Number of protein chains: 2
Amino acid sequence: MKRQVFDCQPGCPVESTLQIISGKWKSVILYHLLQEKVCHFGSLQRQLVNCSRRMLALQLKKLEQDQIIEKITYQDQPFKTEYRLTLQGQTLKPVILAMAVWGEKYNRLQKNK
Amino acid sequence: MKRQVFDCQPGCPVESTLQIISGKWKSVILYHLLQEKVCHFGSLQRQLVNCSRRMLALQLKKLEQDQIIEKITYQDQPFKTEYRLTLQGQTLKPVILAMAVWGEKYNRLQKNK
DNA sequence: CCGCATCCCGTCCGATACTG
DNA sequence: CAGTATCGGACGGGATGCGG
């Protein structure tokens, strides 16, 4: 592993998780992949309205390098690619889900203000 | 709320959670507060060995503004401050715990490589 | 001990244009 | 449609020093 962005104590488990899912958009990408199983580059981009093409590609590549997602490219014209979670990536489900659940409750609280 | 760093779709729950817990060190801070109930500034800094004083203060302030933690200052010399989770902050427990659990498993996997 | 202000530099990231 | 290369401005975040 190259750089350790989050070394609190060596081996802090939260730190380890952050190595993988921190980074702009990563967890949101994972959230959509959890819901839809398979996503095209374009459909992801439509969901993440404020994420640039460049940024989306970068984050997808990192997730792929960490073996959280895998990519399948079809050479047809026009090109098409599919992204899906790996088995390893699916183990992140409880983490992403916990975030989604908390966020929903939080949104409801905010609305009543 | 001032800026929306993560607008995927408006109201995306994962995005809402990220508004609160994304940011360098925030979730690690919360992790320690969950374990120890009350932390002094200094003890937090000792845990987060690579977090500068400036950075720690900044993140604590943000968490305080979002009413996730609360601060108590004792005016004795030398100064002392205590941080603890608010009730609202305690609702983040499932999120942080899920991250910790995943990180532990991940660490064990890495060790066997 | 705790926390803020200032300075300053490295990186992130958006805009744009180009390729398969 | 999916992805890469390059550039330049914005911002994050470290170092340092001051003040409660």
Side-chain angles (χ1 to χ4, degrees), chain A residues 1-8 15 18-29 32-33 36 38-66 68-84, chain B residues 1-8 15 18-29 32-33 36 38-66 68-84:
Chain A
M1 203 169 298
K2 258 187 294 186
R3 41 155 208 176
Q4 296 283 106
V5 189
F6 296 97
D7 325 315
C8 44
E15 171 263 341
L18 286 174
Q19 301 283 348
I20 304 300
I21 66 167
S22 78
K24 220 179 175 182
W25 304 111
K26 274 192 196 170
S27 31
V28 179
I29 293 170
H32 287 296
L33 280 175
E36 315 193 6
V38 179
C39 287
H40 299 184
F41 190 92
S43 72
L44 278 170
Q45 205 173 6
R46 251 164 282 129
Q47 308 263 357
L48 283 61
V49 290
N50 281 309
C51 179
S52 66
R53 197 159 78 241
R54 169 195 146 89
M55 218 37 224
L56 181 54
L58 277 175
Q59 300 301 320
L60 285 169
K61 185 180 281 191
K62 284 186 194 159
L63 286 171
E64 195 189 350
Q65 285 171 348
D66 287 333
I68 301 301
I69 65 176
E70 57 192 349
K71 171 167 71 168
I72 301 172
T73 307
Y74 298 94
Q75 292 295 344
D76 321 337
Q77 291 293 344
F79 281 165
K80 213 171 60 173
T81 50
E82 288 180 356
Y83 292 93
R84 68 184 70 208
Chain B
M1 204 171 295
K2 259 189 290 184
R3 42 157 206 171
Q4 298 283 106
V5 188
F6 296 96
D7 324 317
C8 45
E15 170 263 341
L18 285 174
Q19 301 284 346
I20 304 300
I21 66 167
S22 78
K24 219 178 177 184
W25 304 111
K26 274 193 197 168
S27 30
V28 180
I29 293 170
H32 287 296
L33 281 176
E36 315 192 7
V38 178
C39 288
H40 299 184
F41 189 92
S43 72
L44 277 172
Q45 205 174 5
R46 253 165 281 130
Q47 308 264 356
L48 283 60
V49 290
N50 280 308
C51 181
S52 65
R53 196 162 80 239
R54 169 195 147 88
M55 216 39 223
L56 181 54
L58 277 176
Q59 300 301 320
L60 285 169
K61 182 182 281 191
K62 284 184 196 162
L63 287 170
E64 195 190 351
Q65 286 171 347
D66 287 332
I68 302 301
I69 64 176
E70 55 191 351
K71 173 168 68 168
I72 301 172
T73 306
Y74 298 94
Q75 292 295 344
D76 321 338
Q77 291 293 344
F79 280 164
K80 212 172 62 172
T81 50
E82 288 180 356
Y83 292 93
R84 66 184 69 207

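Worth saying up front: this structure is predicted, and the values here are computed from it rather than measured. In what follows, every heavy atom counts, from backbone to side chain, and hydrogens, waters and symmetry copies are set aside. Chain identifiers are assigned alphabetically (A, B, ...) following the order of the sequence lines, protein sequences preceding nucleic acid strands; residue numbering begins at 1 within each chain.
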Find the distance between [atom1] ([X]) and [atom2] ([Y]) and round it off to the nearest 0.5 Å.
{"X": "B/Q19", "Y": "B/D66", "atom1": "CD", "atom2": "CG", "result": "9.0 Å"}
{"X": "B/R53", "Y": "B/L48", "atom1": "CZ", "atom2": "CG", "result": "15.0 Å"}
{"X": "A/I69", "Y": "A/K62", "atom1": "CD1", "atom2": "NZ", "result": "12.5 Å"}
{"X": "A/L60", "Y": "A/W25", "atom1": "CG", "atom2": "CH2", "result": "12.5 Å"}
{"X": "A/Q47", "Y": "A/I29", "atom1": "CD", "atom2": "CD1", "result": "11.5 Å"}

Notebook entry, point to check: Side chain of A/A57: nearest nucleotide among C/dG14, D/dT4, C/dG3?
Noted result: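 So the side chain of A/A57 is nearest to D/dT4.
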
Check: Nearest to the side chain of B/K61, which nucleotide is it out of C/dG3, C/dC13, C/dC4?
Finding: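 So the side chain of B/K61 is nearest to C/dC4.
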
Whole-Å distance separating the [atom1] atom of [X] from the [atom2] atom of [N]:
{"X": "A/Q45", "N": "C/dG14", "atom1": "CD", "atom2": "P", "answer": "11 Å"}
{"X": "A/E64", "N": "D/dG3", "atom1": "CD", "atom2": "C1'", "answer": "12 Å"}
{"X": "A/L56", "N": "C/dC12", "atom1": "CG", "atom2": "C1'", "answer": "16 Å"}
{"X": "A/E82", "N": "D/dC1", "atom1": "CD", "atom2": "P", "answer": "16 Å"}
{"X": "A/L58", "N": "C/dC12", "atom1": "CG", "atom2": "P", "answer": "10 Å"}
{"X": "B/K62", "N": "D/dC11", "atom1": "NZ", "atom2": "C1'", "answer": "11 Å"}
{"X": "A/M55", "N": "D/dA5", "atom1": "CE", "atom2": "P", "answer": "16 Å"}

Item checked: Residue pair B/L33 / B/Y83: nearest heavy atoms and the distance that separates them ->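 Scanning both residues completely, I find the closest heavy atoms to be CD2-O, 3.4 Å.
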
Could you tell me whether the phosphate oxygens of [N], OP1 or OP2, come under 4.0 Å of any side-chain nitrogen or oxygen in [X]?
{"X": "B/S52", "N": "D/dG14", "value": "yes"}
{"X": "A/K24", "N": "C/dG14", "value": "yes"}
{"X": "A/K71", "N": "D/dA2", "value": "no"}

Item checked: Terminal helix-axis angle for the helix from C/dC1-D/dG20 to C/dG20-D/dC1, with five pairs defining each axis and rounding to 10 degrees ->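 The helix from C/dC1-D/dG20 to C/dG20-D/dC1 shows an end-to-end axis angle of 50°.
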
Next item on the list: On DNA chain D, check which nucleotide each of A/R54 and A/T81 is closest to and give me the residue with the more 5' one.
Entry: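 Between the two, 5'-proximity favours A/T81.
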
Margin query: Reading DNA chain D from 5' onward, which residue's closest nucleotide shows up sooner: B/Q75 or A/H40?
Written below: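 On the 5' side of the pair lies A/H40.
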
Note to self: Any non-hydrogen side-chain atom of B/E70 less than 4.5 Å from a side-chain atom of B/E64?
What the structure shows: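 B/E70 does not reach B/E64 side chain to side chain.
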
Notebook entry, point to check: Looking across every strand, which nucleic acid part, if any, lies under 4.0 Å from B/Y83 by heavy atom: base, sugar-phosphate, or nothing?
Noted result: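 Sugar-phosphate contact only - B/Y83 comes under 4.0 Å of backbone atoms but never of a base.
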
Check: Which part of the nucleic acid, if any, lies within contact of A/F79, taking any heavy atom under 4.0 Å across all strands shown: a base, the sugar-phosphate backbone alone, or nothing?
Finding: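 Base, at least one base heavy atom under 4.0 Å.
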
Note to self: Tell me whether the side-chain N or O atoms of B/R53 pair up with the base of C/dG3 as donor and acceptor below 3.5 Å, since no angle test is needed here.
What the structure shows: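 Yes, the side chain and the base share a sub-3.5 Å donor-acceptor pair.
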
